[in-house]
Amino acid sequence: DKGGHKHFMAKEIAEQPHVIGEALNHYLTADGTGINVPESLPDFRGVERLVLVACGTAYYACVTAKYWFERIARLPVEVDIASEFRYREPPVTDGTVALFVSQSGETADTLAALRYCADKAAHVVSVVNVPESSIARESGTALPILAGVEVGVASTKAFTCQLTVLYLLALKAAQQRGHLDADALTDRLSALRSLPGILNHALAQDRSAKKVARKLAEADDILFLGRGLMYPLAMEGALKLKEISYIHAEAYASGELKHGPIALIDKRMPVVVMAPKDKLFDKTVSNMQEVMARGGKVTLITDEAGLDEAGDGVTNTLVMPTVPDDLAPILYAIPAQQLAYHTAIAKGTDVDQPRNLAKSVTVE
Ligand code: M6R
């Protein structure tokens, strides 16, 4: 049942405020000042290193989480794609917690990477959508993301629910490791509580995203740029777009632009820049100006303050509500999804069942 939407993907994009609210209800204590985790989860005080492993969109959730765990919980994090990790023979010591993220819980490479760690790591944790899946069953602790069934091959609500659970886990780790006092935690949790309402505002920008997407649909190649927490989001935006519109898209950390990809810039290749007005904004904007100086056509996804400061000369803008820096990835996932969705519609491709792809990749 598509619930009145044309595609499952549109339905699942629209469901995000609700399912994130469900995840918050599950993980936050009744008074809203604490985070409930299963007793089997180890105390992060004794953890030396966290290893995050996944494939595809779930991997981009892991890359985002690396920034959170390192910055907020001061915990060293390694992040890798499951198909690389499993054959690298990486040393995994008993001070390591190995964490696997998977919507289906059946991805072959992720499961094999989990099995590689099972007898080496101190503890195996998974963040999954399907609670009875192999990955959930074989983990010491399985944390559900509570996104509900996701039908569209392009992952949308599972991604933002993965981000929500990983962020809560980073906060829990920060609290246990003495890097977040009770007041700071309460502030962060109340900001998180208001996120579903804010996501509704982002969803309401759908028509603007559709207009931009009509132009993107004419391109053969599209570049996505972001820095810090927006770098994994740029990768997610590019993946979503190529999966369902079949347009070649690539993402770069904006600081990498002058190390090669700037040679590609011309007026025929649209560049999508994801940049809320955070501490790295000015750096990203100077990269964006280098693109525009070479005739590149920029779509800037930012907030009001970012628009005021850097909107001049930009071809298209999508303006997001203002949120605390650490919550921006969950919010900016929405325009990334909307752009991919409407570009695919403009191209007439099969949005829910893109060619060559399966929802669950159970062979390597
Ligand atoms: O079920 P999983 O989360 O383990 O799947 C991982 C990837 O196959 C998946 O995220 C894939 O990249 C999606 N089609 C992305 O939209």
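Count residues from 1 along the sequence. As the structure lists them, so they are numbered: ligands from 1, and atoms in each ligand from 1.
The single protein non-hydrogen atom nearest to atom 8 (O) of ligand 1 is V361 CG2, 4.0 Å, given as residue, atom name and distance. Shortest contact from atom 1 (O) of ligand 1 to any protein heavy atom: S104 OG, 2.7 Å. Counting only heavy atoms of the protein, atom 10 (O) of ligand 1 lies nearest to T57 N, 3.1 Å. For atom 7 (C) of ligand 1, the closest heavy atom belonging to the protein is C55 O, 3.6 Å. Protein heavy atom nearest atom 3 (O) of ligand 1, with residue, atom name and distance: Q103 N, 2.6 Å. The protein heavy atom nearest to atom 5 (O) of ligand 1 is T107 OG1, 3.5 Å.
For the pair D221/L264, no side-chain contact is recorded, criterion being any heavy-atom separation below 4.5 Å from C-beta on. With contacts defined as side-chain heavy-atom distances shorter than 4.5 Å, the pair V314/M292 qualifies.
Only the side chain of E243 comes within 4.0 Å of ligand 1, judged by heavy-atom distances.
The S155 neighbourhood of ligand 1 comprises atoms 15 (C), 16 (O), with distances under 4.0 Å to a heavy atom of that residue. When each atom of ligand 1 is checked for a heavy atom of A154 under 4.0 Å away, the hits are 16 (O).
The main-chain N or O of A209 is never found under 3.5 Å from a side-chain atom of D206 such that the two would form a donor-acceptor pair.
Between E290 and R294, no side-chain nitrogen of the basic residue sits less than 4.0 Å from a carboxylate oxygen of the acidic one, so the salt-bridge criterion is not met.
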Do any side-chain atoms of residues 126-155 form donor-acceptor pairs under 3.5 angstrom with protein atoms, and if so which ones, sequence neighbours left out?
{"from": "S126", "atom 1": "OG", "to": "S139", "atom 2": "OG", "distance (Å)": "2.8"}
{"from": "N129", "atom 1": "OD1", "to": "A147", "atom 2": "N", "distance (Å)": "3.1"}
{"from": "N129", "atom 1": "ND2", "to": "Q103", "atom 2": "OE1", "distance (Å)": "3.0"}
{"from": "N129", "atom 1": "ND2", "to": "G148", "atom 2": "O", "distance (Å)": "2.9"}
{"from": "S133", "atom 1": "OG", "to": "V130", "atom 2": "O", "distance (Å)": "2.7"}
{"from": "S133", "atom 1": "OG", "to": "A136", "atom 2": "N", "distance (Å)": "3.4"}
{"from": "S134", "atom 1": "OG", "to": "E106", "atom 2": "OE1", "distance (Å)": "2.6"}
{"from": "S134", "atom 1": "OG", "to": "E106", "atom 2": "OE2", "distance (Å)": "3.4"}
{"from": "R137", "atom 1": "NE", "to": "E132", "atom 2": "O", "distance (Å)": "3.2"}
{"from": "E138", "atom 1": "OE1", "to": "R115", "atom 2": "NE", "distance (Å)": "2.9"}
{"from": "E138", "atom 1": "OE2", "to": "R115", "atom 2": "NE", "distance (Å)": "3.4"}
{"from": "E138", "atom 1": "OE2", "to": "R115", "atom 2": "NH2", "distance (Å)": "2.6"}
{"from": "S139", "atom 1": "OG", "to": "I135", "atom 2": "O", "distance (Å)": "2.5"}
{"from": "T141", "atom 1": "OG1", "to": "S40", "atom 2": "O", "distance (Å)": "3.4"}
{"from": "T141", "atom 1": "OG1", "to": "S40", "atom 2": "OG", "distance (Å)": "2.8"}
{"from": "T141", "atom 1": "OG1", "to": "H123", "atom 2": "NE2", "distance (Å)": "2.8"}
{"from": "E150", "atom 1": "OE1", "to": "S155", "atom 2": "OG", "distance (Å)": "3.1"}
{"from": "E150", "atom 1": "OE1", "to": "K359", "atom 2": "NZ", "distance (Å)": "2.6"}
{"from": "E150", "atom 1": "OE2", "to": "S155", "atom 2": "OG", "distance (Å)": "3.4"}
{"from": "E150", "atom 1": "OE2", "to": "T156", "atom 2": "N", "distance (Å)": "2.9"}
{"from": "E150", "atom 1": "OE2", "to": "K157", "atom 2": "N", "distance (Å)": "3.3"}
{"from": "E150", "atom 1": "OE2", "to": "A158", "atom 2": "N", "distance (Å)": "3.0"}

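For the ligand labelled ligand 1, residue V153 lies inside the 4.0 Å heavy-atom shell. Under a 4.0 Å heavy-atom criterion, K359 is not in contact with ligand 1.
In this model, a donor atom of one side chain and an acceptor atom of the other lie less than 3.5 Å apart for E364 and Y87.
By the 3.5 Å distance cut-off applied to N or O atoms, K240 is counted among the residues near ligand 1.
For residues 145-188, every residue pair satisfying the ring-ring contact (aromatic ring centres under 6.0 Å, His included) rule, not counting sequence neighbours, is listed here: W68-Y167.
With Q16 as the partner, the side chain to side chain donor-acceptor pair (under 3.5 Å) test is satisfied by one option alone out of T164, T160, N200: T160.
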